[in-house]
Each structure stands twice: as structure tokens, then as C-alpha cells.
Amino acid sequence: DYYDTKSDFLIVGGNLYFAAGKELFKLNQDGEIVAKETLRNGIGFFGRIAYDYGLIVVPLEGGAVQAIDAKSMKTKWVAEAQDLLTIWASNDDGVWQPVNYGIQSLSTLLIADEVAYSTTTAVVKGAAPGGIIRAIDMATGETLWQYQNSTAGYYWAGPVKIGKWLVIGNDGGALEVIDADEGKQLAANTEQIGAPIRST
């Protein structure tokens, strides 16, 4: 069915918002659909939408992110899809070669200080081998920086911002600290928890 997958719900200004399939819905207090906006792509398995600066921000399949004005229900910007995550790995003969993975956007999207932080994970059975964190300007949809972890993804995980730092748990069981201004991980500030971290 077209609406087999649905996002989390948001209540903003007395209206309820959620994404399903390839649409964002706006409902009034009586549960009536008052507006819809078509999404550039489907939300995939699940979606954790977020709201700030008057915009509903929707993570889409393949790593795209779409921002829709909560009042007018018109799209303001779309940060294009990443589509694939490439990780270089050594095969049985010791030859390094690229391995491409699809991307899922089922992690928590954080909006802080006029920036949306989108987290994604590689699509694979078992522990996710890689993931991407992308900082997107809330005013323009421009990608400010992109950080790729090529050892562990962010499956159901999401960051918290503390000062200038993003802190996030990954599927490899580590808590990472990333510079929110530059998108660089501080190698000395990684704490091993010992099991995949699939929470925000």
C-alpha cells in the first residue's frame, strides 16, 4: 500500500503533521486533512520529522532532506539525495576496492542553531558498516559539511548538540564527539560502550 510507512507525528500551532509514502499531511484538530505537500521521494521504512524556524523538515529515502513551510505547506528547499555510501574494503586477496551501500534515513534529525543535522546509515543486515552526518543550513538548504563514518552507521540514532559539539552513538558501540562547525570527529573523544547504540 502507498501509505504502508509513516513518520513520527508533530503538533505545531494546533495542527498535526506527519509524512506517509511520498506526502506530508497537515491535519486540523478535528482530524481533517487541510493541506498536503508532495515529497521529492518516499520516506522509506520510517521517518523522524522535525520542526523549527517555521519549517517541517522531512528526511527522505536515499539521504535527501525536504523543508516545507508549516503554514503554507509549500516546499522551501530540498537538500539532494546522497544515494550511496562508499566504503573501501580489502577483499580476500588483500586488494582494496569500493563497496557501495544504499542509504536509509531512519535516524533522528536534529535542528539546532539554524542548522539541520541529518544522520543516515548504510543499508545492510546486521550492524551498519557506515553512516553519514550532514549539516544543512536551515535558511537555504545548502550542505555546510558532511562527515562519513566508514566503520559504523547511525541506525535509529541521533545526535545531541552540546556547545560546539555533536555527540552521537553509532552501530559499532561507540559514542562519538564531532565538531559541529567543521564536521570533524575528535578521535580522542570516542567512548566504547560495547554494543550498538540505537537511540537518541
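Below, all heavy atoms of this structure are taken into account, side chains as well, without hydrogens, waters or symmetry copies.
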All heavy atoms of S105 vs all of T120, minimum pair found to be OG-CG2, 3.7 Å

Decide side chain to side chain contact (heavy atoms under 4.5 Å, CB included) for E176 and I133; before the verdict, give the C-alpha distance in whole Å, the side-chain angles of both, and the deciding distance to 0.1 Å.
CA-CA 12 Å; E176 297 179 65; I133 301 173; 5.8 Å; no

Distance col, row D83:CG vs L85:CG, nearest 0.5 angstrom, shows 11.5 Å

Can you check whether V12's main-chain N or O pairs, donor with acceptor, with Y51's side chain at less than 3.5 Å?
no

What one should report as the nearest heavy-atom pair of R198 and A127 is NH2-CA, 4.3 Å

Check: Under a 4.5 Å side-chain heavy-atom rule over Ile, Leu, Val, Met, Phe, Trp and Tyr, are I33 and L24 clustered together?
Finding: no

Can you establish whether the number of heavy atoms outside K164 located under 6.0 Å from its atom NZ is more than 12? yes

* To do: Say whether, by atom type as modelled, one donor and one acceptor occur between the side chain of T5 and the main chain of G44 under 3.5 angstrom.
  => yes

**Request:** Fit a plane to each ring of W156 and F45, take the angle between them on a 0 to 90° scale, and name the class: parallel (under 30°), tilted (30 to 60°) or perpendicular (over 60°).
**Result:** perpendicular

May I ask whether L144 and L110 are part of the same hydrophobic cluster, defined by side-chain heavy atoms of I, L, V, M, F, W, Y residues being less than 4.5 angstrom apart, directly or through others? yes

_Starting from F25, can I reach L39 by hopping between I/L/V/M/F/W/Y residues whose side chains sit under 4.5 Å apart?_
no

Rounded to the nearest 0.5 angstrom, the CG-OH distance for D179 and Y147 is 12.0 Å

Correct closest heavy-atom pair for A35 and M73 would be CB-CG, 3.6 Å

Output for pair (I87 CD1, Q97 CD), nearest 0.5 Å, gives 13.0 Å

Test of understanding: clusters of I, L, V, M, F, W, Y form through side-chain heavy atoms closer than 4.5 Å, transitively. Do V58 and V78 belong to the same one? no

query: Do the side chain of D52 and the main chain of L55 share a donor and acceptor less than 3.5 angstrom apart?
result: no

task: Side-chain contact test, heavy atoms from C-beta onward, threshold under 4.5 Å: evaluate it for I136 versus W77 and give yes or no.
output: yes

Tightest non-hydrogen contact, residues T86 and P98, listed as CG2-CB, 3.7 Å

Here the gap from N15 atom CG to Q29 atom CD, rounded to the nearest 0.5 Å, amounts to 7.5 Å

Q. So, does Y53 use its side chain to make a donor-acceptor pair with the main chain of E114 at under 3.5 Å?
A. yes

What one should report as the nearest heavy-atom pair of I197 and A174 is CD1-O, 3.6 Å

query: Ignoring hydrogens and geometry, is there a side-chain-to-backbone donor-acceptor pair from K74 to D69 under 3.5 Å?
result: no

Quiz prompt | Side-chain donor or acceptor of S7 paired with backbone N/O of I49 under 3.5 Å | solution = no

To the nearest 0.5 Å, atom CD1 of I178 lies from atom NZ of K184 at 13.0 Å

Can you find a pair of side-chain heavy atoms, one from P129 and one from V124, that are under 4.5 Å apart? yes

In short, T200 meets P159 closest at the heavy-atom pair CG2-O, 4.3 Å

Exercise for the section: Begin with the C-alpha distance, continue with both residues' side-chain angles, and end with the deciding distance and a verdict on side chain to side chain donor-acceptor pair (under 3.5 Å) for Q66 and E37. Expected result: CA-CA 11 Å; Q66 186 165 344; E37 173 67 326; 4.7 Å; no

Interatomic distance, OG1@T119 vs CD1@I132, rounded to 0.5 Å, equals 11.0 Å

query: Do the side chain of D93 and the main chain of V95 share a donor and acceptor less than 3.5 angstrom apart?
result: no

**Asked** N100 side chain to L84 main-chain N or O, any donor-acceptor pair under 3.5 Å?
**Response** no

Please determine if D8 and R48 form a salt bridge, counting it only when a charged side-chain N lies under 4.0 Å from a carboxylate O. yes

Indicate yes or no: at least one non-hydrogen side-chain atom of V115 is less than 4.5 angstrom from one of K161.
-> no

Quiz item: Would L186 and W165 count as a side chain to side chain contact (heavy atoms under 4.5 Å, CB included) if you check the C-alpha gap in whole Å, the side-chain angles of each, and the deciding distance to 0.1 Å?
Solution: CA-CA 10 Å; L186 302 183; W165 311 111; 3.2 Å; yes

Closer than 3.5 angstrom, by distance alone: can the side chain of N28 be matched with the main-chain N or O of D30 as a donor-acceptor pair?
yes

Margin query: Please say yes or no: joined through hydrophobic side-chain contacts below 4.5 Å, possibly via intermediate residues, are I162 and V177 part of one cluster?
Written below: yes

When you look at CD1 of I11, are more than 12 heavy atoms from neighbouring residues, nucleotides or ligands closer to it than 6.0 Å? no

(message) Using modelled atom types and a 3.5 Å cut-off, is there a donor and acceptor pairing between side-chain atoms of T121 and backbone atoms of Q104?
(response) no

